Asker: 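Structure provided below as structure tokens; questions to follow.
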Amino acid sequence: MPELPEVETVRRGLEKYLVGHVIERVEVINPGPFQGDEKNVEGHKVIEARRSGKGLIIDLDNDFSLAIHIKLTGQLIYRDEQTKNEPLSPKAGSLPGKFTHVIFHLDKGGLLYYNDQRKFGWIRVVATDEIMNISFFKSMGPEPFGLGIGDELTLEKFQSILSKAGTKVKPLIMDQVKIGGIGNIYANDALWNAKIDPARPGKSLSDSESKELFDSIIKVMELSFAEGGASELTFVNILGQEGNYQSHTLVYGKTGKPCPRNDGGVIRRIELGGRGTFYCDKCQH
DNA sequence: GCGGGTGTTCACGC
DNA sequence: CGCGTGAACACCCG
């Protein structure tokens, strides 16, 4: 699921449905993704849901927190008496299902399921003041919109990061240490929107090109927020419902299709930094 | 069967 | 140290 718009969508769901509730019991079905001591969670109230880049932090009233990364296929789905009849996407499966690894039993009968098909994700119980010792959070770069707990990525910072980097611009903007929250879908679509060749070195972009790219990152992510995220793989929101950005994707996954600009170009797929990279062979320079 | 997959991390080579 | 590559994690889908 996870790029900034999807993870922020989950955070908002946690804020709405989890904050103020007590986690009475933690049922660990598969210990792989769950690290730490359930005892530091059980009987404690959720006071805040925060996010940094693609990572989530659920703070409890005992100065412990749950640090969560859902990687590619993790899901956090909340059910209670009020929401149990809300339609559930088939991507959520049955609850609990084959890929349910942890169930948080909340007060008043609420349940928070952690599902993860590929088991790449993790949930760590950690003292709240130790969160920033987790290297993933410690090294997080500034992020677009400034909705996370770290610094906001401004145009000036973005241009400064690009101007210093000989790295190819697509892997560069996906480097979470440099910039937080951008993943493969939005990197591809933003580069297409800005008409920039993903293989160009970051520092080769002119000021107007880097501004165009910055604006494009904001634009594609704003569209995704409005659509509730992208459910290309298994992403669902806290109520187990899909987002719809994937029906708006511009070049991501469109190998062989005509360019959406109808300029006679064709979408090609190459690999950059080990990731599938999609671009129009006509308009991206 | 094979390739590909919204992510991160580590090992290794230059 | 910086940068790039490849593999690993695990499992589904077309």
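Throughout, a chain's letter reflects where its sequence line sits, starting with A, and its residues are numbered from 1. Everything quoted here is computed from the prediction, not taken from an experiment.
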Asker: Quick check on contacts: within residues 180-195 of chain A, what sits under 4.0 Å from DNA chain B by heavy-atom distance?
Answerer: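 Within this stretch, A:Gly183, A:Asn184, A:Ile185 sit under 4.0 Å of the strand.
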Asker: A:Asp175 CG to C:dT5 C1': how many Å, rounded?
Answerer: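 The answer, rounded to whole Å, is 15 Å.
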Asker: May I ask you to check whether A:Asn188 and A:Tyr186 show a side-chain donor-acceptor distance below 3.5 Å?
Answerer: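 There is no such pair between these side chains.
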Asker: If you check every side-chain atom of A:Phe278, which of B:dG5, B:dG7, C:dC11 has the closest atom?
Answerer: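 For the A:Phe278 side chain, the nearest candidate turns out to be B:dG5.
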Asker: So that I can tick it off, tell me whether A:Lys211 and A:Asp215 are bridged by a salt bridge, with the cut-off set at under 4.0 angstrom between side-chain N and carboxylate O.
Answerer: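 Judged by the 4.0 Å cut-off on N to carboxylate O distance, A:Asp215 and A:Lys211 do form a salt bridge.
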Asker: What integer distance in Å separates A:Lys178:NZ from C:dC3:C1'?
Answerer: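 After rounding, the gap between these two atoms is 9 Å.
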Asker: Would you say a side-chain N or O of A:Thr73 is under 4.0 Å from OP1 or OP2 of C:dC12?
Answerer: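 The answer is no; no side-chain N or O of A:Thr73 sits under 4.0 Å from OP1 or OP2.
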Asker: Take atom OH of A:Tyr252 and atom P of B:dG4, then tell me their distance rounded to the nearest Å.
Answerer: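 Distance check: A:Tyr252 OH to B:dG4 P gives 12 Å.
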Asker: Whether A:Glu271 and A:Arg269 form a salt bridge (side-chain N of Lys/Arg under 4.0 Å from carboxylate O of Asp/Glu) is what I want to check.
Answerer: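 So A:Arg269 pairs with A:Glu271 through a salt bridge.
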Asker: Figure out the CZ/P separation between A:Arg118 and B:dG7, and round it to whole Å.
Answerer: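 Result: 10 Å.
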Asker: Is the distance from OP1 or OP2 of C:dC12 to the nearest side-chain N or O of A:Lys98 less than 4.0 Å?
Answerer: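 Answer is yes, contact under 4.0 Å.
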Asker: Checking all strands, does A:Phe137 fall into the base, sugar-phosphate, or nothing category for heavy-atom contacts under 4.0 angstrom?
Answerer: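 It contacts nothing in the nucleic acid.
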Asker: Any chance the side chains of A:Asp197 and A:His285 put a donor and an acceptor closer than 3.5 Å?
Answerer: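 Looking only at side-chain atoms, A:His285 and A:Asp197 do not form any donor-acceptor pair under 3.5 Å.
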Asker: Could you pick out which residue, A:Phe99 or A:Lys168, lies toward the 5' side of DNA chain C when each is mapped onto its nearest nucleotide?
Answerer: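 Counting from the 5' end, the first nearest nucleotide belongs to A:Lys168.
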Asker: Think A:Arg275 has a side-chain N or O under 4.0 angstrom from the OP1 or OP2 of C:dT5?
Answerer: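 Checking C:dT5 against A:Arg275, no side-chain N or O comes under 4.0 Å of OP1 or OP2.
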Asker: Picking from B:dT9, B:dG5, C:dA10, which would you name as closest to the side chain of A:Ser135?
Answerer: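 Selected nucleotide (nearest to the side chain): B:dT9.
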Asker: Under a 4.5 Å cut-off applied to non-hydrogen side-chain atoms, are A:Trp122 and A:Ile68 in contact?
Answerer: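 With C-beta onward as the side chain, the pair stays apart.
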Asker: Can you figure out which of B:dG5, C:dC3, B:dT8 approaches the side chain of A:Thr167 most closely?
Answerer: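 Taking heavy atoms from C-beta onward, the closest nucleotide is C:dC3.
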Asker: Under a 3.5 Å threshold, yes or no: a donor from one side chain and an acceptor from the other, between A:Thr73 and A:Thr234?
Answerer: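 Their side chains do not contain a donor-acceptor pair, so the 3.5 Å distance test is not met.
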Asker: State plainly whether the residues A:Arg51 and A:Glu8 are in salt-bridge range, i.e. N to O under 4.0 Å.
Answerer: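 Salt bridge: yes.
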Asker: Between A:Gln176 and B:dT8, does any side-chain N or O lie under 4.0 Å from OP1 or OP2?
Answerer: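 True: A:Gln176 side-chain N/O within range (under 4.0 Å) of B:dT8 OP1/OP2.
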Asker: How far, in whole Å, is C:dC1 from B:dT8 if one measures between their P atoms?
Answerer: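 So the two P atoms sit 23 Å from each other.
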Asker: Ring-on-base stacking between A:Phe120 and C:dC9, under 5.5 Å between centres and under 30° between planes: is it there?
Answerer: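 It does: the ring sits over the base of C:dC9.
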Asker: OP1 or OP2 of C:dC9 less than 4.0 angstrom from a side-chain nitrogen or oxygen of A:Lys71, does that happen here?
Answerer: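 No, A:Lys71 has no side-chain N/O under 4.0 Å of OP1/OP2 on C:dC9.
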Asker: Toward the 5' end of DNA chain B, which comes first, A:Ile134 or A:Glu232, by nearest nucleotide?
Answerer: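 The residue whose closest nucleotide sits nearer the 5' end is A:Glu232.
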Asker: Answer yes or no: does a side-chain N or O of A:His69 lie under 4.0 Å from OP1 or OP2 of B:dG7?
Answerer: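 Result: no.
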Asker: Kindly indicate, with the supporting measurements, whether the criterion side chain to side chain contact (heavy atoms under 4.5 Å, CB included) is fulfilled by A:Tyr78 and A:Leu111.
Answerer: CA-CA 6 Å; A:Tyr78 178 78; A:Leu111 296 166; over 6 Å; no
Asker: Who is the Watson-Crick or G-U wobble partner of B:dG5, with both distances under 3.5 Å?
Answerer: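 Partner of B:dG5: C:dC11.
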